[in-house]
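Shown next, in structure tokens, is the structure this report addresses.
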Amino acid sequence: DGGITQSPKYLFRKEGQNVTLSCEQNLNHDAMYWYRQDPGQGLRLIYYSQIVNDFQKGDIAEGYSVSREKKESFPLTVTSAQKNPTAFYLCASSIGRHTGELFFGEGSRLTVL
Amino acid sequence: SQQGEEDPQALSIQEGENATMNCSYKTSINNLQWYRQNSGRGLVHLILIRSNEREKHSGRLRVTLDTSKKSSSLLITASRAADTASYFCATGSIQGAQKLVFGQGTRLTINP
């Protein structure tokens, strides 16, 4: 079955620690994205990548970093510089254009203790 | 920056009734999409309507787009308890960086 796999589903972090969220897709999509969702809110774009070895900042990139070394993988690191990292993180992919249909993973919930 | 704004923020209806949600946006778009999210899950794409289309149907879903008013509506007919979820509109802007911008969603509850 083709799709997007995010791991872990739940993650707890102590203040000052970096954590990495995994996102893998087997849809052969060129573009991948990371969104953040806070309770009762919409999605805000953190980073996106439209091709391997290239990525761009979204609206709230501060305190986050990404890499795109393989077409199928787009990991997100939440660094200690992110002041309020507790949130639900969603990874998505699309065939090409950034304004096309997005396919989402099931999300990772990060809680800072 | 949030462009799409959904209205109402929350909607509760009886099973079998129709549910209508609205989305307004600010800039020119090339398409508008609706997504559904069950609690604690990822989003699922429902329907995409292009800027040159006025109405689109998919099963029990009907989407309209009025570019002159910069608004869209999503109608779910004959609602079922399984339709309980949050619904988000997302707009693809033709200005600046081409990216989808999501609204804050409408939380729909279908009472059996």
Side-chain angles (χ1 to χ4, degrees), chain A residues 2-11 21 23-25 27 29-50 54-61 87-111, chain B residues 1-11 21 23-52 56 58 63 85-109:
Chain A
I4 298 180
T5 301
Q6 289 187 241
S7 64
K9 188 166 180 61
Y10 300 96
L11 186 60
L21 308 180
C23 178
E24 302 278 332
Q25 56 103 353
L27 299 168
H29 285 172
D30 288 317
M32 297 186 74
Y33 317 86
W34 275 104
Y35 287 90
R36 169 181 171 141
Q37 186 178 32
D38 293 286
Q41 300 295 311
L43 278 65
R44 291 183 291 170
L45 183 63
I46 305 172
Y47 268 99
Y48 64 100
S49 168
Q50 295 184 306
D54 187 43
F55 49 82
Q56 287 78 41
K57 293 182 179 179
D59 298 316
I60 56 165
F88 190 52
Y89 291 89
L90 287 157
C91 179
S93 71
S94 67
I95 292 173
R97 286 171 57 86
H98 196 159
T99 58
E101 175 184 350
L102 297 183
F103 295 78
F104 282 86
E106 286 298 296
S108 293
R109 186 169 299 281
L110 172 62
T111 302
Chain B
S1 60
Q2 299 281 350
Q3 172 166 234
E5 292 186 5
E6 283 94 338
D7 170 58
Q9 290 188 342
L11 178 63
M21 290 158 270
C23 171
S24 60
Y25 58 92
K26 298 175 183 175
T27 63
S28 297
I29 62 172
N30 56 26
N31 70 63
L32 186 144
Q33 302 176 37
W34 286 91
Y35 288 82
R36 164 196 169 121
Q37 183 183 33
N38 286 11
S39 183
R41 306 290 297 274
L43 277 71
V44 174
H45 182 265
L46 295 176
I47 197 164
L48 180 153
I49 186 165
R50 302 189 192 286
S51 59
N52 61 352
K56 204 162 184 180
S58 177
V63 169
S86 291
Y87 292 82
F88 294 90
C89 70
T91 51
S93 175
I94 60 175
Q95 297 172 353
Q98 292 192 346
K99 59 181 182 179
L100 279 183
V101 178
F102 285 81
Q104 295 190 345
T106 292
R107 180 158 185 82
L108 175 65
T109 303

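Numbered from 1 within each chain, the chains take letters A, B, ... in sequence-line order. Note that the structure is predicted; figures quoted are calculated from it, not measured.
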(request) To the nearest 0.5 angstrom, please state how far the CG atom of A:Leu102 sits from the CZ atom of B:Phe102. (result) 5.0 Å
(message) Are there over 12 heavy-atom neighbours, none belonging to A:Lys9, within less than 6.0 Å of that residue's NZ?
(response) yes
(request) Examine whether an atom of B:Gln37 lies under 4.5 Å from a heavy atom of chain A, and if so say whether it belongs to the side chain, the backbone or both; otherwise answer neither. (result) side chain
(request) Measure the NE2-CZ distance between B:His45 and A:Phe104 for me, rounded to the nearest 0.5 Å. (result) 10.0 Å
(message) Could you measure the distance from the CG atom of A:Leu43 to the OH atom of B:Tyr35? Nearest 0.5 Å is fine.
(response) 10.0 Å
(request) Please round to the nearest 0.5 Å and tell me the distance separating atom CZ of A:Arg44 and atom CD of B:Gln104. (result) 9.5 Å
(request) Evaluate whether atom CD of A:Gln56 has more than 12 neighbouring non-hydrogen atoms of other residues, nucleotides or ligands under 6.0 angstrom away. (result) yes
(request) Heavy-atom distances under 4.5 Å only: say whether A:Gln6 touches chain B with side chain, backbone, both or neither. (result) neither
(message) With a 4.5 Å cut-off on side-chain heavy atoms, are A:Tyr35 and B:Leu43 touching?
(response) no
(message) If you compare all heavy atoms of A:Gln37 against all heavy atoms of B:Phe88, which two are closest, and at what distance to 0.1 Å?
(response) NE2-CZ, 3.5 Å
